[in-house]
Amino acid sequence: MRLEKCWFCSSPIYPGHGIQFVRNDATIFRFCRSKCHKNFKMKRNPRKVKWTKAYRRLHGKDMTKDSTFEFERWRHRPHKYDRNVTEDTLKAIKKIDKIRMDRESRHIARRHQGKKAKEFREAKKELDQSISLVKAPSVLKEDPSLTLPKLKVKVVPSQSEQDRMEE
């Protein structure tokens with residue numbers, strides 16, 4: 001069973017699924033669903049569309065450089081199969097999958113660390129700017145410099161209102 005990759009979003013395409021588009025120069029483009037095909041026809045760049053793997057890799061959301069990706073590469077050579085080698089390969093695939101999952105979880109944890117630090121800095125900055133909203137009312141009564149000065153405005157009735165009052 002041959003699994004192809006979608007040209008636009010890089011997701012796997014299973015046999016009997018998806019759309020193939022062949023350009024005049026005999027270049028084959030495979031798409032997993034009509035969403036990818038329509039975006040391709042609209043000449044959208046996959047690196048600028050947020051839900052594609054190309055965007056996620058370019059912006060550091062997914063792992064890009066890892067030795068485990070080497071095993072996923074397509075090879076165009078026929079192989080002679082040996083039962084022992086096949087068994088060892090299947091065992092190695094399980095180990096490689098576990099290693100990949102561990103590395104991916106570490107990558108995600110590192111991304112979240114940076115986000116927490118950034119949120120902390122932003123919260124601290126906002127707190128410094130509007131500390132008067134956080135201070136207790138008793139502290140504000142003791143130290144009037146923390147509050148805005150209260151202005152007294154004298155309201156003078158207009159001429160038309162005075163005429164009405166006289167009548």
Side-chain angles (χ1 to χ4, degrees), residues 1-83 85-137 140 146-148:
M1 182 168 83
R2 186 178 214 170
L3 296 181
E4 304 288 346
K5 292 265 186 197
C6 176
W7 184 88
F8 197 79
C9 70
S10 304
S11 64
I13 305 171
Y14 291 92
H17 293 264
I19 303 164
Q20 270 192 346
F21 173 74
V22 182
R23 209 164 46 189
N24 284 341
D25 62 353
T27 308
I28 299 172
F29 298 97
R30 291 179 176 86
F31 305 104
C32 58
R33 54 188 180 263
S34 61
K35 178 181 181 181
C36 296
H37 188 221
K38 288 173 185 175
N39 277 294
F40 174 79
K41 287 194 291 188
M42 287 190 279
K43 298 186 177 181
R44 288 201 176 138
N45 188 346
R47 289 171 290 185
K48 293 183 180 179
V49 180
K50 290 193 175 188
W51 51 268
T52 62
K53 280 193 179 177
Y55 176 90
R56 293 186 61 78
R57 285 185 175 157
L58 185 67
H59 291 85
K61 311 265 185 222
D62 282 343
M63 289 193 310
T64 54
K65 295 180 181 176
D66 192 19
S67 58
T68 58
F69 292 134
E70 182 67 27
F71 297 106
E72 213 175 278
R73 223 178 61 202
W74 187 258
R75 290 168 185 83
H76 294 287
R77 278 183 263 131
H79 294 283
K80 288 185 179 178
Y81 289 102
D82 182 18
R83 183 178 294 260
V85 173
T86 306
E87 287 177 8
D88 294 341
T89 304
L90 292 174
K91 289 177 186 174
I93 286 173
K94 291 177 184 174
K95 288 180 184 177
I96 290 167
D97 213 23
K98 185 175 184 282
I99 290 168
R100 180 180 292 160
M101 294 296 284
D102 292 342
R103 288 180 180 174
E104 194 170 331
S105 64
R106 279 193 302 246
H107 173 78
I108 291 168
R110 264 188 267 123
R111 279 188 54 226
H112 286 291
Q113 269 184 340
K115 186 175 182 182
K116 285 180 184 175
K118 183 181 176 187
E119 286 177 353
F120 182 76
R121 275 186 266 123
E122 289 174 356
K124 188 174 179 182
K125 182 180 176 184
E126 186 177 348
L127 184 64
D128 289 341
Q129 288 175 348
S130 56
I131 191 70
S132 62
L133 298 175
V134 180
K135 292 231 182 218
L140 294 175
L146 295 174
T147 60
L148 293 172

request  = May I have the step-by-step check of side-chain contact (heavy atoms from CB on, under 4.5 Å) for K118 and E122, ending in yes or no?
outcome  = CA-CA 6 Å; K118 183 181 176 187; E122 289 174 356; 3.3 Å; yes
Close side-chain approach of D102 to I99, heavy-atom, < 4.5 Å =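 A side-chain contact under 4.5 Å is absent here.
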query = Is E87 close to R83 at the side-chain level, that is, under 4.5 Å between some pair of heavy atoms?
reply = yes
message = Parallel, tilted or perpendicular, judged at 30° and 60°: which one describes the rings of F31 and F29?
response = parallel
task = On the 0 to 90° scale, with breaks at 30° and 60°, tag the F40-W7 ring pair as parallel, tilted or perpendicular.
result = perpendicular
R47, CZ atom: more than 12 neighbouring heavy atoms under 6.0 Å =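 Atom CZ in R47 is not crowded, with 12 or fewer foreign heavy atoms closer than 6.0 Å.
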key: Exceeds 12 heavy-atom contacts within 6.0 angstrom, atom CG of D25   = yes
message = Pair K35, W51 - check side-chain contact (heavy atoms from CB on, under 4.5 Å), show working.
response = CA-CA 11 Å; K35 178 181 181 181; W51 51 268; 3.4 Å; yes
Could you state the interatomic distance from [atom1] ([X]) to [atom2] ([Y]), rounded to the nearest 0.5 Å?
X	Y	atom1	atom2	result
R110	S105	CZ	OG	9.5 Å
K124	R121	NZ	CZ	11.0 Å
H17	C6	NE2	SG	14.0 Å
F8	K38	CZ	NZ	13.0 Å
K48	N39	NZ	CG	13.5 Å
E4	I28	CD	CD1	8.5 Å

remark   = Taking every heavy atom of R56 against every heavy atom of R111, the minimum-distance pair comes out as NH2-NH1, 4.4 Å
query = What's the shortest heavy-atom distance between I19 and S34, and which atoms?
reply =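 That closest heavy-atom pairing would be CD1-CA, 4.1 Å.
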message = Whether the side chain of S10 engages the backbone of K53 through a donor-acceptor N/O pair (distance < 3.5 Å, no angle test) should be reported.
response = no
